[in-house]
Amino acid sequence: QVRLVESGGGSVQPGGSLRLSCATSGTGDLFNSMAWFRQAPGKEREGVAGHYYVGSSEEYADFLKGRFSISRDSASNTVYLRMNALEPEDTGVYYCAADFSSRWSSYPDTWNVASTYAFWGQGTQVTVSS
């Protein structure tokens with residue numbers, strides 16, 4: 001059974017940084033795509049950043065303004081999200097998502113669509129507050 005587990009969430013002050021990690025178990029195959037989503041209270045889940053294994057392509061939500069960075073261990077299903085200059089609006093539950101398909105390569109605009117990913121973690125809470 002494939003399992004994704006996020007870690008690294010917590011409470012920080014505005015302007016602070018966090019690094020989220022997502023570890024995978026239950027498969028020896030590499031995901032073609034991995035991504036981070038987030039969901040704030042009362043809001044829909046939204047894509048934050050995505051990583052495509054072939055070519056190490058990265059995608060980011062426009063609203064991030066370059067503050068976040070996604071990375072992935074080489075030949076591994078472990079993905080990270082480095083978050084800098086955190087703002088109160090970044091508060092929410094952050095989810096790791098993954099999929100074996102290569103759909104993203106044909107439809108790059110789907111990287112931030114939840115249905116693109118078959119596997120999800122339980123989420124880790126990030127709270128940005130003074």
Set of side chain to side chain contact (heavy atoms under 4.5 Å, CB included) partners for R82, sequence neighbours left out: S17, R19, S69, N84

Near-ring test F31/F119, centroid separation under 6.0 angstrom: yes

Within residues 46-75 or reaching into it, pairs that qualify as disulfide (SG to SG under 2.5 Å) - sequence neighbours excluded: none

Disulfide (SG to SG under 2.5 Å) contacts touching residues 20-110 (sequence neighbours left out): C22-C96

Partners passing ring-ring contact (aromatic ring centres under 6.0 Å, His included) against Y95 (at least two apart in sequence or in another chain): none

Salt bridge (Lys or Arg N to Asp or Glu O under 4.0 Å) pairs, two or more places apart, involving residues 41-64: R38-E46

Where at least one partner belongs to residues 31-67, residue pairs that pass disulfide (SG to SG under 2.5 Å), sequence neighbours excluded: none

By side chain to side chain donor-acceptor pair (under 3.5 Å) - contacts of T78 (at least two apart): S76

Members besides Y53 in its Ile/Leu/Val/Met/Phe/Trp/Tyr cluster (side-chain heavy atoms under 4.5 Å): L30

Residue list, side chain to side chain contact (heavy atoms under 4.5 Å, CB included) with P88, at least two apart or on another chain: P14, V128

Residue pairs involving residues 47-84 (criterion disulfide (SG to SG under 2.5 Å); sequence neighbours excluded): none

Partner residues of A85 under the side chain to side chain contact (heavy atoms under 4.5 Å, CB included) criterion, sequence neighbours left out: R67

Residues in side chain to side chain contact (heavy atoms under 4.5 Å, CB included) contact with D29, at least two apart in sequence or another chain: T27, F100

